[in-house]
Amino acid sequence: MKYSELELKKLSKLKHLEREKQIINNILNFIRMIHLNGDDFIASSYDSEFFGELPMTFRKKSGQLMGLITANVDGEVKKYVFFDQGYEPLEDLLELID
């Protein structure tokens, strides 16, 4: 999914987000933070953790083109690949291999 300020605003107006929408909201907010800080995405490294009801991690080493997000949802681990312009579920990318 491509990063969209409009999509982020739509999500922020909703009072009760289902789990998948919460994950999307957190990912888009993280990407928004990258843009607001004016980070050079490729040169930057990230090692952030969100705690609470929906634990998530955002990790990327300097020089890498993409980072990895993990979200723990009711004991299930979901993984996403992120970059400065959006994100994709890791499962969707792995399906391209078949």
Side-chain angles (χ1 to χ4, degrees):
M1 173 183 252
K2 187 170 168 78
Y3 171 75
S4 164
E5 192 75 31
L6 181 61
E7 183 66 25
L8 188 57
K9 286 180 183 181
K10 285 181 192 176
L11 288 171
S12 68
K13 290 180 182 179
L14 300 175
K15 292 189 188 246
H16 298 287
L17 296 174
E18 57 193 58
R19 291 282 187 207
E20 197 62 36
K21 295 283 187 189
Q22 287 178 12
I23 292 170
I24 292 169
N25 187 56
N26 288 348
I27 293 171
L28 293 178
N29 270 314
F30 190 83
I31 294 170
R32 181 173 185 260
M33 178 196 68
I34 292 168
H35 287 270
L36 289 175
N37 289 336
D39 291 348
D40 176 349
F41 184 78
I42 294 173
S44 298
S45 64
Y46 301 101
D47 190 10
S48 300
E49 287 190 53
F50 292 176
F51 297 98
E53 189 177 325
L54 184 59
M56 295 179 73
T57 62
F58 295 80
R59 294 206 165 82
K60 183 185 108 37
K61 293 180 182 176
S62 178
Q64 291 180 327
L65 302 176
M66 296 178 271
L68 180 66
I69 300 167
T70 57
N72 293 306
V73 181
D74 302 324
E76 180 185 357
V77 176
K78 295 187 174 212
K79 295 185 178 191
Y80 302 83
V81 173
F82 76 99
F83 46 100
D84 62 335
Q85 296 298 315
Y87 73 96
E88 289 292 334
L90 184 58
E91 285 182 13
D92 291 356
L93 295 173
L94 293 176
E95 286 178 8
L96 295 173
I97 296 172
D98 292 336

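When reading the values below, keep in mind they use all heavy atoms of this one structure, side chains included, and skip hydrogens, waters and symmetry mates. When a residue number appears, it is its place in the shown sequence, counting from 1. A quick note: this is a predicted structure, and the numbers were derived from the prediction, not measured.
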Trainee: Applying salt bridge (Lys or Arg N to Asp or Glu O under 4.0 Å) as the test, list every pair that has at least one member in residues 20-44; sequence neighbours left out.
Mentor: E5-R32, E20-K78

Trainee: Is there a continuous path of hydrophobic side-chain contacts, each under 4.5 Å between heavy atoms, that joins I69 to L94?
Mentor: yes

Trainee: Hey, could you give me the CZ/OG distance between R59 and S48, rounded to the nearest 0.5 Å?
Mentor: 8.5 Å

Trainee: Could you tell me if the side chain of Y3 sits less than 4.5 Å from the side chain of I34, heavy atoms only?
Mentor: no

Trainee: Can you name the closest pair of heavy atoms from I42 and K60 and give their distance?
Mentor: O-NZ, 3.3 Å

Trainee: Between the main-chain N or O of Q85 and the side-chain N or O of H35, is there a donor-acceptor pair closer than 3.5 Å?
Mentor: no

Trainee: If you compare all heavy atoms of S62 against all heavy atoms of A43, which two are closest, and at what distance to 0.1 Å?
Mentor: OG-O, 2.7 Å

Trainee: How long is the gap from CD on E88 to OH on Y80, to the nearest 0.5 Å?
Mentor: 11.0 Å

Trainee: Any idea which heavy atoms bring L28 and Y87 closest together, and the distance?
Mentor: CD2-CE2, 4.2 Å

Trainee: For T70 and V77, work out which heavy atoms get closest and say how close.
Mentor: CB-CG1, 4.4 Å

Trainee: CD1/I31 to CG/N26 distance, rounded to the nearest 0.5 angstrom?
Mentor: 11.5 Å

Trainee: How long is the straight-line distance from CG of N72 back to CZ of F51, given to the nearest 0.5 Å?
Mentor: 11.0 Å

Trainee: Any chance you could lay out the side-chain contact (heavy atoms from CB on, under 4.5 Å) test for V73 and Q22, step after step, and finish with the verdict?
Mentor: CA-CA 10 Å; V73 181; Q22 287 178 12; over 6 Å; no

Trainee: Of all the heavy-atom pairs spanning A71 and I23, show the shortest one and how long it is.
Mentor: CB-CD1, 4.0 Å

Trainee: Could I get the full list of side chain to side chain donor-acceptor pair (under 3.5 Å) partners for D74, not counting sequence neighbours?
Mentor: none

Trainee: Using a cut-off of 6.0 Å, state whether more than 12 heavy atoms not belonging to E91 lie near its atom CD.
Mentor: no

Trainee: Please state whether the rings of F30 and F58 are parallel, tilted or perpendicular, taking 30° and 60° as the class boundaries.
Mentor: parallel

